[in-house]
Amino acid sequence: MKTPFLDFSNTYVNLPDHFFQRIKPQKVKNPKLLKLNLNLAKSLGLRIEDSCHISIDEILSGNKLPEGADPIAMAYAGHQFGNFVPSLGDGRAILLGEVLTPKNKRFDVQLKGAGITKFSRSGDGRAPLGPVIREYIVSEAMHHLGIPTTRSLSIIKSDDFIQREESFPCGVLSRVASSHIRIGTFEYFSYRKDINSLKLLADYTINRHFPSIKRKKNKYQRLLIKVQSINAELVAKWMAVGFIHGVMNTDNTSISGETIDYGPCAFMDYYDPNKVYSYIDHQGRYSYINQGKIMFWNLSKFAESLIPILDKDSDIARNIAVDVLKNFPRIFEEKWLDKMREKFGFSSKFKDDYKIISEFLNLIKKEGLDYTKAFRSLIFDNDEDFSFSNFDFKDSIASKEWFNSWKTRLHKEKKDIQNISKSMKKINPIYIPRNHIIEKVINELVQGKGNNMLEKILELTEKPYTYQKDSKYFELPPSPSEEVTNTFCGT
Ligand code: AMP
Ligand code: MG
């Protein structure tokens, strides 16, 4: 009988041997399945039979290899906080294999926290349970907010412990991604001047992610254009929901335009453009407001790594790269504006929109308002309610002026307030996975107190735009005593 799992169809392993290390996950002690994402499992074609439940725990922990898996750790390099590290790679993640869904979409299934590989350097190859839970909750919430992201299939808790600031139980996350190719994967081969491999990687990436350009003459330039565009859009989407990635190193930037490698990430509560959650980010390099600029910087590293294959003549290649990159600020600003416009109920475009948006952000910063709630408070169901007195702002000249300019702008939409409010309700979430809630979930699960909070936050963030009964607490920002200043640091 087949091991109940997935029909693997692996392709990355067909690339040359130095693209990866073939390695099996290291066993963990007493794996327990804390969460299985049933909908995702179904969409991947995962076969689960109750009688085989134990096997699922064993498989998703890495203790047993399912049929068809061909586990590898992928090689990559990367710029970490601006500094180049020539060899990073999967130091604690092992790719089990790839799956083709019935809709013919290819996904990687990877175990994070699966043990030591040749890329582990001084690391222990493991992931503490806390960050595994955080990644599960946040990545799934991002997915339901319509933001491209890797997804989470399961959380495993084991009886092994690892040392960070304290001793923590180990976890294994199974992560599903449309691939794990990063900007850093390109940097790995480019740095080594391994042009054959660089071409192989670029062709593989084009085949897998951008097949429409594979027969084009200037396909590598088009690859750069595509990767730039989807990643500009990705960051615009993060900004619109107040998401801070936290470690936008080039090894944590996916070629597929998916959010990847959730570490010290968070959704902002009160609005502060300079907000940073990572306790190691002293300079604020990866602050909320810097994310567009940092993506631009990361893409310039991607462009640089493509130079050897953009043209035989390096001057021409450089010009090609610069010509693409110089469009980034415009593309990003347009995508950001489009996303923000939707939040204010604008479906048309007017020149003053930027001013209205930025004045609103200044106001909520000045008043210390919660980012998510402030947008939700802009929704009025009918004309009678649509007045300044029903509005969340303090009564000031500036806020009244802003309200009136927004109201005037909405008149240009030529839609009634009910229709405007309908569209705003579909874009401004009620429920986001707030940091203090995630901390509570982690504490409950680490202390073995059950998974009620986990199930609740997953249920709410699965339908982020729909009010649910008895859930007021989850709408609200933290009370002063609940506020988490840093995210879980030891990942
Ligand atoms: P991250 O900061 O999680 O994106 O990881 C950066 C690099 O460090 C990657 O090459 C990871 O594989 C590696 N790494 C992170 N944590 C560990 C660990 N506990 N053991 C081994 N390698 C790790
Ligand atoms: Mg990483």
Side-chain angles (χ1 to χ4, degrees), residues 34-37 112-113 127-145 147 149-157 164-166 168-175 238 241-247 252 259-272 275-281 286 288 370-373 429-464 468 471-491:
L34 287 191
K35 179 71 197 169
L36 179 66
N37 190 337
K112 190 169 171 182
L129 184 60
V132 165
I133 296 166
R134 174 182 298 280
E135 175 154 353
Y136 189 105
I137 297 171
V138 181
S139 64
E140 285 303 299
M142 294 285 270
H143 170 74
H144 294 294
L145 287 165
I147 301 174
T149 178
T150 62
R151 296 197 60 192
S152 298
L153 179 61
S154 61
I155 303 174
I156 292 281
K157 180 184 182 204
R164 292 293 184 267
E165 305 90 72
E166 312 159 30
F168 290 107
C170 286
V172 181
L173 178 83
S174 54
R175 174 159 82 177
W238 290 353
V241 295
F243 176 75
I244 303 172
H245 181 282
V247 240
N252 295 337
T259 316
I260 193 169
D261 279 3
Y262 291 85
C265 59
F267 284 77
M268 259 190 308
D269 293 306
Y270 65 90
Y271 177 67
D272 173 5
K275 188 77 189 163
V276 173
Y277 283 93
S278 164
Y279 83 122
I280 51 170
D281 189 4
Y286 299 141
Y288 172 77
D370 180 77
Y371 183 82
T372 307
K373 277 191 85 238
I430 304 159
Y431 306 110
I432 49 160
R434 293 181 184 272
N435 221 357
H436 66 292
I437 307 276
I438 295 175
E439 286 301 306
K440 287 193 174 169
V441 174
I442 291 173
N443 284 336
E444 265 193 16
L445 286 168
V446 168
Q447 290 165 17
K449 289 187 188 155
N451 58 358
N452 290 346
M453 278 282 264
L454 174 70
E455 293 299 335
K456 180 75 184 173
I457 190 67
L458 291 176
E459 186 193 317
L460 294 176
T461 50
E462 201 179 313
K463 295 195 182 83
Q468 288 177 50
S471 303
K472 186 81 191 160
Y473 174 69
F474 294 86
E475 280 174 44
L476 303 176
S479 65
S481 67
E482 287 176 319
E483 205 177 310
V484 184
T485 45
N486 287 325
T487 52
F488 206 87
C489 344
T491 68

Considering all heavy atoms, the nearest [X]-[Y] contact:
{"X": "T259", "Y": "F243", "result": "CG2-CE2, 4.1 Å"}
{"X": "L34", "Y": "N451", "result": "O-ND2, 4.0 Å"}
{"X": "H436", "Y": "V484", "result": "CA-CG2, 3.7 Å"}
{"X": "L445", "Y": "G450", "result": "CD2-O, 3.5 Å"}
{"X": "Y262", "Y": "S139", "result": "CE1-CB, 3.4 Å"}

Item to check | Given T461, V138, N37, T149, the one that forms side-chain contact (heavy atoms from CB on, under 4.5 Å) with H143 | outcome: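 So, applying the side-chain contact (heavy atoms from CB on, under 4.5 Å) to H143 and each of T461, V138, N37, T149, only T149 qualifies.
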
Give a yes or no on whether the backbone of [Y] and the side-chain of [X] come within a donor-acceptor separation of less than 3.5 Å.
{"X": "S278", "Y": "I280", "result": "yes"}
{"X": "H245", "Y": "G263", "result": "no"}
{"X": "Y431", "Y": "Q468", "result": "yes"}
{"X": "E140", "Y": "S152", "result": "yes"}
{"X": "N435", "Y": "A266", "result": "no"}

Checklist entry - Hey, which of R434, K373, K275 is the one that makes side-chain hydrogen bond (donor to acceptor under 3.5 Å, both in side chains) with D269? => result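 Answer after filtering R434, K373, K275: R434.
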
